[in-house]
Amino acid sequence: MCYHIKRLDNDGIGHIYDRYMKTDFPSDELKPLSHITRSMDAGYGFSLGIYEGENLAGYAVFILCEETRCALLDYFAILKERRGGGLGHRAFPLMEAYFMENLPGIDGIYIESERVSAARDEKQRLTRQRRIAFYVSCGCRMTRFRSVLFGVDYSVLYRPIGERGQEVSLDALDTLYKKMFKPEHYARSVSLAMMEESWEKGDFDGV
């Protein structure tokens, strides 16, 4: 199958938000659509659709911080009917190629994934482990960063773009968060810290 990436306008992400994102993401993780479109209008947010021909197969929403040469993968999902066929793994090289061609000033992408140790039960713990394992298998690596955003506890992964951007930076991620959120929201509801250890040896229990 031949897949390609297309940049979405506000109407495009609005359609995806109403039809897919409201069910693909927990309500406590999903920002209002106005927050996403406002970042796109301001030039530091953008959204990509993953297509097979003219048919949508997945999507991704990013926040850019060009002054620190990084981006955040804010939302990423493969459509429910398309899951299980390896498209999630194929999407990352497609997105990387898009960045290399269209955003040469971005060296790497940060990814938030719900923290395993904060899971409320075994089912949720296993789901979070699988999600992190998926990102690692797509070329992402676990950092020592931990973020708590509006009460949701995340581990932070990082995927370099090509051979550049191998170093991660807590200050760069903090600058990105300050761009994403209003000062009063940042002060009240955003926390970023360095953990003593990151994931090692395939055991996500301490992530």
Side-chain angles (χ1 to χ4, degrees), residues 5-18 20-22 24-25 28-51 56 58-77 91-114 135 138-140 143 145-152 154-162 164-193:
I5 291 280
K6 183 168 68 175
R7 191 158 182 160
L8 301 169
D9 60 17
N10 285 3
D11 289 339
I13 194 59
H15 171 74
I16 289 171
Y17 186 96
D18 290 334
Y20 301 109
M21 293 180 71
K22 288 181 178 180
D24 287 339
F25 295 94
D28 62 351
E29 293 184 29
L30 189 59
K31 300 179 179 70
L33 175 60
S34 60
H35 188 109
I36 296 172
T37 56
R38 185 168 60 248
S39 71
M40 292 169 63
D41 291 339
Y44 64 86
F46 76 100
S47 302
L48 298 176
I50 304 163
Y51 290 85
L56 182 72
Y59 58 89
V61 178
F62 294 90
I63 300 293
L64 299 175
C65 189
E66 293 182 295
E67 55 266 42
T68 55
R69 303 184 65 86
C70 68
L72 174 76
L73 179 56
D74 208 11
Y75 297 102
F76 170 66
F92 272 83
L94 289 172
M95 293 189 292
E96 180 180 37
Y98 181 91
F99 270 82
M100 294 181 73
E101 181 176 351
N102 298 282
L103 295 162
I106 301 298
D107 290 338
I109 303 168
Y110 290 100
I111 301 110
E112 301 156 336
S113 193
E114 290 175 301
Y135 284 127
C138 291
C140 308
T143 73
F145 306 156
R146 175 191 179 187
S147 63
V148 180
L149 308 178
F150 296 86
V152 183
Y154 295 102
S155 296
V156 180
L157 298 95
Y158 180 79
R159 193 184 195 282
I161 301 297
R164 62 183 193 255
Q166 297 297 323
E167 297 299 323
V168 298
S169 166
L170 192 70
D171 288 340
L173 183 59
D174 189 48
T175 300
L176 195 151
Y177 283 148
K178 288 176 179 174
K179 175 172 284 193
M180 288 174 63
F181 301 111
K182 295 179 179 179
E184 61 270 24
H185 294 160
Y186 173 89
R188 183 172 63 246
S189 302
V190 176
S191 173
L192 183 60

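Numbers here are sequence positions counted from 1.
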Any idea which heavy atoms bring [X] and [Y] closest together, and the distance?
X      : Y      : answer
Gly108 : Tyr158 : CA-OH, 3.2 Å
Thr175 : Cys65  : CG2-SG, 3.7 Å
Met21  : Leu30  : O-CD2, 3.7 Å
Gly58  : Leu56  : O-CD1, 3.2 Å
Cys70  : Leu176 : SG-CD1, 3.7 Å
Ser47  : Met40  : OG-SD, 3.6 Å

Report task. Show the numbers, then the answer: is there a side chain to side chain contact (heavy atoms under 4.5 Å, CB included) between Glu29 and Glu112? Result -> CA-CA 11 Å; Glu29 293 184 29; Glu112 301 156 336; over 6 Å; no
Nearest 0.5 Å please: distance from the [atom1] atom of [X] over to the [atom2] atom of [Y].
X      : Y      : atom1 : atom2 : value
Ile111 : Arg159 : CD1   : CZ    : 8.0 Å
Leu72  : Ser147 : CG    : OG    : 8.5 Å
Leu33  : Lys22  : CG    : NZ    : 8.0 Å
Asp74  : Ile36  : CG    : CD1   : 6.5 Å
Arg146 : Leu170 : CZ    : CG    : 13.0 Å
Ile13  : Thr37  : CD1   : OG1   : 9.5 Å

Query raised in the report: Any side-chain donor paired with an acceptor under 3.5 Å for Tyr135 and Ser113?
Result: no
Requested in this report: Decide whether Tyr59 and Asp24 meet the rule of one side-chain donor and one side-chain acceptor closer than 3.5 Å.
Outcome: yes
Requested in this report: Determine, step by step, whether Phe62 and Tyr98 satisfy the ring pair (Phe, Tyr, Trp, His ring centres under 6.0 Å) criterion, reporting the C-alpha distance in whole Å, the side-chain angles of both residues, the deciding distance to 0.1 Å, and the verdict.
Outcome: CA-CA 12 Å; Phe62 294 90; Tyr98 181 91; 8.3 Å; no
Query raised in the report: Hey, is the main chain of Val152 close enough, under 3.5 Å, to the side chain of Glu114 for a donor-acceptor pair?
Result: no
Query raised in the report: Quick one: does Arg7's side chain have a donor or acceptor within less than 3.5 Å of a partner on Phe46's backbone?
Result: no
Query raised in the report: Tyr75 and Tyr17: ring pair (Phe, Tyr, Trp, His ring centres under 6.0 Å), yes or no, with the steps?
Result: CA-CA 11 Å; Tyr75 297 102; Tyr17 186 96; 8.0 Å; no
Does [X] reach the side chain of [Y], with side-chain heavy atoms less than 4.5 Å apart?
X      : Y      : result
Val168 : Tyr110 : yes
Ile109 : Phe92  : no
Phe99  : Ile5   : no
Phe150 : Lys31  : no
Thr68  : Asp171 : no
Leu8   : Leu48  : no

Please report, to 0.1 Å, the donor-acceptor pairs under 3.5 Å made by any side chain of residues 182-193, with sequence neighbours excluded.
from	atom 1	to	atom 2	distance (Å)
Tyr186	OH	Asp174	OD1	2.4
Tyr186	OH	Asp174	OD2	3.4

